[in-house]
Amino acid sequence: MKHRKGRPCLAEGMSILTHEIEEVAEAIKLRILSRKGTWEVHAGTDGRIFMDDADCPRHAKGLPDAWLVGTYTNKAHIEVIEEDLCERRMELLQARRAE
């Protein structure tokens with residue numbers, strides 16, 4: 001599935017708080033495989049996913065560094081993406097409990 005520059009991908013809009021981590025990681029991996037380059041994956045405070053081409057970011061300029069989940073290429077293993085998403089989910093859940 002190819003997307004024109006600037007169009008959101010399937011993973012964008014998904015939330016690591018409301019969707020299964022495996023489902024989100026698979027959508028991220030498919031997006032990475034469909035395009036060349038290095039991708040930055042961010043998760044906002046609401047768990048919503050944003051993806052950016054690391055060489056030509058759309059979102060990253062305005063996103064806090066703390067939102068960065070990881071940077072991946074097409075060689076990234078889905079298990080690594082899942083682990084990083086789980087770690088970010090735990091950070092978000094801990095922050096909610098602390099409020």
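Start at 1 with the first residue, then count along the sequence.
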Point-to-point distance, once rounded to the nearest 0.5 Å, from [atom1] of [X] to [atom2] of [Y]:
X	Y	atom1	atom2	answer
W67	T45	CH2	OG1	5.0 Å
I16	I49	CD1	CD1	5.0 Å
R96	L17	CZ	CG	5.0 Å
M14	I21	CE	CD1	9.5 Å

Decide if atom CG of D65 counts as having more than 12 heavy atoms of other residues, nucleotides or ligands within a radius under 6.0 Å.
-> no
What pairs meet the side chain to side chain donor-acceptor pair (under 3.5 Å) rule with one or both residues in residues 14-27, with sequence neighbours excluded?
->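 Sorted result for residues 14-27: empty, none.
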Can you get from L68 to M51 by hopping between Ile, Leu, Val, Met, Phe, Trp and Tyr side chains that sit under 4.5 Å apart?
->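 Unlinked, L68 and M51 end up in two clusters.
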For R97, what residues pass the side-chain contact (heavy atoms from CB on, under 4.5 Å) criterion, not counting sequence neighbours?
->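 L93, Q94.
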Taking D52 for its side chain and A54 for its backbone only, find out whether a donor-acceptor pair lies under 3.5 Å.
-> no
List the atom pairs, donor and acceptor, that lie under 3.5 Å between side-chain atoms in residues 70-87 and the rest of the protein, sequence neighbours left out.
unit_1 : atom_1 : unit_2 : atom_2 : d
Y72    : OH     : D84    : OD2    : 2.6
T73    : OG1    : K75    : N      : 3.2

Can you list the residues that meet the side-chain hydrogen bond (donor to acceptor under 3.5 Å, both in side chains) rule with E91, with sequence neighbours excluded?
-> R88
